[in-house]
Amino acid sequence: MHFFSQAFNYEHPWSHVVIGMWHKYPNPKCTHVVSIDVLDRTVDPNTGVIRTERILGCKQKTPKWIVKLFGGSEDAFVREISFVDPATQNATITSVNLSLSQFATCFERIQYSPAAGERTAFLQTAEVQARMALWRTAADGLEKWLVQRFEQNAQLGKIGFTDVLRTMWDERQQVPV
């Protein structure tokens, strides 16, 4: 099993970041996400927690050795479940790959929470595990490649989401009323 994590602050208040999360895709920095389908959205009448379940469609170039070994294509799907709690100002997103999950899984967790100075703390973790006990060398190579790809996409996601937030909030504040 291989791991990835990163933490930093967005220079926007929690409420802006949470609204922005629904506008993150599509964006020019994260062209690998090609579709988003909302499967379910509910609001708990007692707590006010908003639960959303989505399927993200992705398209990425896959190394030839992975396609030869496992089959498949550049098309992949990810299941994402988010919980937004306005009372505690906590938003949590979990996601897991649906495509090729018989060979490897990537479980991601993201948390947004308020930070000092009208900023929002971001914490992202991912666990990648190949499911090939007999081929440990191949499994290790696959896990390393998946973590590298995840890290590349995470950096693009950070840049892209920062651009989305800037477009939504910074430019809005500059427009005279």
Rounded to the nearest 0.5 Å, what separation is found between the [atom1] atom of [X] and the [atom2] atom of [Y]?
X: Asn153; Y: Phe4; atom1: CG; atom2: CZ; answer: 10.0 Å
X: Asn97; Y: Phe103; atom1: CG; atom2: CZ; answer: 12.0 Å
X: Ile159; Y: Lys29; atom1: CD1; atom2: NZ; answer: 7.0 Å
X: Arg79; Y: Glu53; atom1: CZ; atom2: CD; answer: 4.0 Å
X: Thr162; Y: Phe122; atom1: OG1; atom2: CZ; answer: 9.5 Å
X: Cys106; Y: Glu143; atom1: SG; atom2: CD; answer: 10.5 Å

Taking all atoms of both residues into account, what is the closest heavy-atom pair of [X] and [Y], and its distance?
X: Asn9; Y: Ala121; result: OD1-CA, 3.2 Å
X: Pro86; Y: Gly48; result: CD-O, 3.5 Å
X: Ser113; Y: Asn90; result: CB-OD1, 4.2 Å
X: Asn27; Y: Gly160; result: OD1-CA, 3.6 Å
X: Arg54; Y: Met21; result: NH2-O, 4.4 Å

Arg51 and Asp44: CA distance, side-chain angles, deciding distance, salt bridge (Lys or Arg N to Asp or Glu O under 4.0 Å) verdict: CA-CA 8 Å; Arg51 179 193 180 277; Asp44 185 304; over 6 Å; no

With a 4.5 Å cut-off on side-chain heavy-atom distances among I, L, V, M, F, W and Y, is there a chain of contacts connecting [X] to [Y]?
X: Leu39; Y: Val96; value: no
X: Ile19; Y: Trp14; value: yes
X: Val34; Y: Ile36; value: no
X: Val18; Y: Tyr25; value: no
X: Leu156; Y: Leu146; value: no

Ser99 (side chain) donor-acceptor with Phe77 (main chain) under 3.5 angstrom: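 Looks like yes, one N/O pair under 3.5 Å.
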
Under a 4.5 Å cut-off applied to non-hydrogen side-chain atoms, are [X] and [Y] in contact?
X: Val33; Y: Lys24; result: no
X: Glu127; Y: Met1; result: yes
X: Glu80; Y: Ile93; result: yes
X: Glu151; Y: Gln6; result: no
X: Thr125; Y: Phe3; result: no
X: Trp22; Y: Val164; result: no
X: Phe161; Y: Tyr10; result: yes
X: Thr47; Y: Asp85; result: no

From CA spacing to verdict: side chain to side chain donor-acceptor pair (under 3.5 Å), Ser95, Glu108: CA-CA 5 Å; Ser95 64; Glu108 175 188 25; 2.8 Å; yes

Other ILVMFWY residues reachable from Ile81 by side-chain steps of under 4.5 Å: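 Members besides Ile81, by chain and number: Val49, Phe83.
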
Option among Ile55, Thr105, Leu56 that satisfies the side chain to side chain contact (heavy atoms under 4.5 Å, CB included) test with Leu98: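 Single side chain to side chain contact (heavy atoms under 4.5 Å, CB included) partner of Leu98 among Ile55, Thr105, Leu56: Ile55.
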
Residue that, paired with Ser82, satisfies side chain to side chain contact (heavy atoms under 4.5 Å, CB included) out of Ile110, Thr52, Ile50: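 Among Ile110, Thr52, Ile50, the one meeting side chain to side chain contact (heavy atoms under 4.5 Å, CB included) with Ser82 is Thr52.
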
Under 3.5 Å side-chain donor-acceptor pair for Thr94 and Arg109: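 No pair is found: no donor N or O on one side chain lies under 3.5 Å from an acceptor on the other.
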
